[in-house]
Novice: 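Provided herewith is a single structure, encoded as structure tokens, for subsequent inquiry.
Each chain gets a letter, A, B and so on, in the order the sequences are listed, and its residues count up from 1.
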Protein chains: 2
Amino acid sequence: MTIDELLKQHNLRLTKPRQQVFDVLRQSAVPLTISDIAKKCKNVDRASVYRTLVTFDQLHIVSAVAIGWKSYYELAEPFIPHHHHLYCIHCQNAEPIQTPELEQLVGYLSRKHQFAVVKHHFELEGICKNCQQTKQYKK
Amino acid sequence: MTIDELLKQHNLRLTKPRQQVFDVLRQSAVPLTISDIAKKCKNVDRASVYRTLVTFDQLHIVSAVAIGWKSYYELAEPFIPHHHHLYCIHCQNAEPIQTPELEQLVGYLSRKHQFAVVKHHFELEGICKNCQQTKQYKK
DNA sequence: GTACGTGCAAAGATTTTGCATCGAT
DNA sequence: ATCGATGCAAAATCTTTGCACGTAC
């Protein structure tokens, strides 16, 4: 399923701003804030970035990731593999990880509470392996 | 450990605004937005609410919960038991749940990735048991 | 008395909205 | 030609900051 097809299924058009937001997200190794996205989308009005993200969220093209008190955005399945993050509060890096055990747990909790899960959020914040070894952090 | 003691340990004072924000959070069954909190804290300036939440976050008196694209706040341990939420996208209710299996998983992932976890976020969004049975939702 | 905190007000940033125009089909 | 989408500008919100005054200790 391409983004073009997905949009057309909903009578929406693949316009230049939408293409640019999508490309910016695809090329980023880490989740981005709205400001990050707006800055990287030259010649695209900020309002269009907002409107595009709402549209993309509704079509599940993007997903929101909360880290600390801020929201970040990244492509969702099937555009990138499902994953979660190890966010280092020292170096700020967000390392993606696969967590099949978590996906199982979500299924279990869904059955246990008779709750129809639409999506789940899971993020870890802490100190990454590298930063644990830096002088700066040991002080 | 009372909030008063916790503040004093850091040379901070238990003032009226701080007491009010704490009480509002304690009395709420669900996580609140900053606006919710500000509205419920009569006679407290909005700026003080912001400053109080920053302070409370640093002392781990509150924790932030991301639901959808918004941030909510609630008391953290040890002021209320550690828990996560089932957030119903239909009726908007956030039901707290205990998830010992998740806590174990966090420990496992921490060891596996040699990542020193400081905090973890986990939320489920979907349709609650009640709403699955309403006519409105079945349409 | 001495900081720390507050309220107030202003500034700064973010997000939403209306509308005329543009562009994809 | 039609209808959705955009850019622009204005409005509405949200968040931060400086400073004089209050108040907890």
Novice: Looking at B:Ala66, is its backbone amide N or carbonyl O close enough to the side chain of B:Glu123 to form a donor-acceptor pair, meaning the two atoms are under 3.5 Å apart?
Specialist: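 Pair absent, no side-chain N/O of B:Glu123 close to backbone of B:Ala66.
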Novice: Determine which pairs satisfy side chain to side chain donor-acceptor pair (under 3.5 Å) with at least one residue from residues 2-18 of chain B, sequence neighbours left out, and list them in order.
Specialist: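 Residue pairs with at least one partner in residues 2-18 of chain B: B:Asp4-B:Lys8.
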Novice: Side-chain donor-acceptor contacts of residues 37-46 of chain A below 3.5 Å, not counting sequence neighbours, with atom names and distances?
Specialist:
from, atom 1, to, atom 2, distance (Å)
A:Asp45, OD2, A:Ala47, N, 2.9
A:Arg46, NH2, A:Ser35, OG, 3.1

Novice: Using chain B heavy atoms and a threshold of under 4.0 Å, write down where along DNA chain D the contacts begin and end, 5' to 3'.
Specialist: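 Contacts span D:dC14 to D:dC25, reading 5' to 3'.
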Novice: Suppose the criterion is ring-ring contact (aromatic ring centres under 6.0 Å, His included): which pairs have a residue in residues 112-132 of chain B, not counting sequence neighbours?
Specialist: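 Only B:His82-B:His120, B:His84-B:His120, B:His84-B:Phe122 qualify under ring-ring contact (aromatic ring centres under 6.0 Å, His included).
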Novice: Going by ring-ring contact (aromatic ring centres under 6.0 Å, His included), name the pairs with one or both residues in residues 13-55 of chain B, residues two or more places apart or in two chains.
Specialist: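 Those involving residues 13-55 of chain B are B:Phe22-B:Phe79.
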Novice: Looking at residues at least two apart in the chain, or sitting in another chain, which of them share a side chain to side chain donor-acceptor pair (under 3.5 Å) with A:Thr33?
Specialist: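 Here the qualifying residues are A:Asp36.
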Novice: For residues B:Val65 and B:Val30: do they belong to one hydrophobic cluster (side chain heavy atoms under 4.5 Å, members Ile, Leu, Val, Met, Phe, Trp, Tyr)?
Specialist: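 Each belongs to a different hydrophobic cluster.
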Novice: Just checking B:Lys112: does its NZ atom have more than 12 heavy atoms from other residues, nucleotides or ligands closer to it than 6.0 angstrom?
Specialist: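 Result for NZ/B:Lys112: enclosed.
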Novice: Taking for each residue the nucleotide of DNA chain D bearing the nearest heavy atom, is the 5' side occupied by B:Leu14 or by B:Val54?
Specialist: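 Nearest nucleotide further toward 5': that of B:Val54.
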Novice: Between the two end axes of the helix from C:dG1-D:dC25 to C:dT25-D:dA1, each built from 5 base pairs, what angle do you get to the nearest 10°?
Specialist: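 The two end axes of the helix from C:dG1-D:dC25 to C:dT25-D:dA1 meet at 40°.
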Novice: Generate the contact string for nucleotides 4-10 of chain C. Rules: B means base contact, S means sugar-phosphate contact only, - means no protein heavy atom under 4.0 Å.
Specialist: BSBBB--
Novice: Is it the case that B:Asp23 and B:Gln19 place a side-chain donor and acceptor less than 3.5 Å from each other?
Specialist: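 The answer is yes; a qualifying pair exists.
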Novice: Scan for ring-ring contact (aromatic ring centres under 6.0 Å, His included) pairs involving residues 52-76 of chain B, sequence neighbours excluded, and state none if there are none.
Specialist: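 Pairs touching residues 52-76 of chain B that pass the test: A:Trp69-B:Tyr73, A:Tyr73-B:Trp69.
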Novice: When you check the phosphate oxygens OP1 and OP2 of C:dT15, does a side-chain N or O of A:Tyr50 lie under 4.0 Å from one of them?
Specialist: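 So the side-chain polar atoms of A:Tyr50 do come within 4.0 Å of the phosphate oxygens OP1 or OP2 of C:dT15, strictly under.
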Novice: Would the distance check show the side chain of B:Gln132 and the main-chain N or O of A:Gln114 forming a donor-acceptor pair, the cut-off being under 3.5 Å?
Specialist: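 At least one qualifying donor-acceptor pair exists.
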Novice: Which sits closer to the 5' end of DNA chain D, B:Ser35 or B:Lys8, going by the nucleotide each is nearest to?
Specialist: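 Its nearest nucleotide being more 5', the pick is B:Ser35.
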Novice: With sequence neighbours left out, write down each residue that passes side chain to side chain donor-acceptor pair (under 3.5 Å) with A:Ser110, or none if nothing qualifies.
Specialist: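 By the side chain to side chain donor-acceptor pair (under 3.5 Å) rule, A:Ser110 matches no residue at all.
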Novice: Cut-off 3.5 Å, no hydrogens considered: what does the side-chain donor-acceptor table look like for residues 92-102 of chain B, sequence neighbours left out?
Specialist:
from, atom 1, to, atom 2, distance (Å)
B:Gln92, NE2, B:Tyr87, OH, 3.2
B:Glu101, OE2, A:Tyr108, OH, 3.4

Novice: For DNA chain D, what residues of residues 56-72 of chain B have any heavy atom nearer than 4.0 Å?
Specialist: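 Here the set is empty: none.
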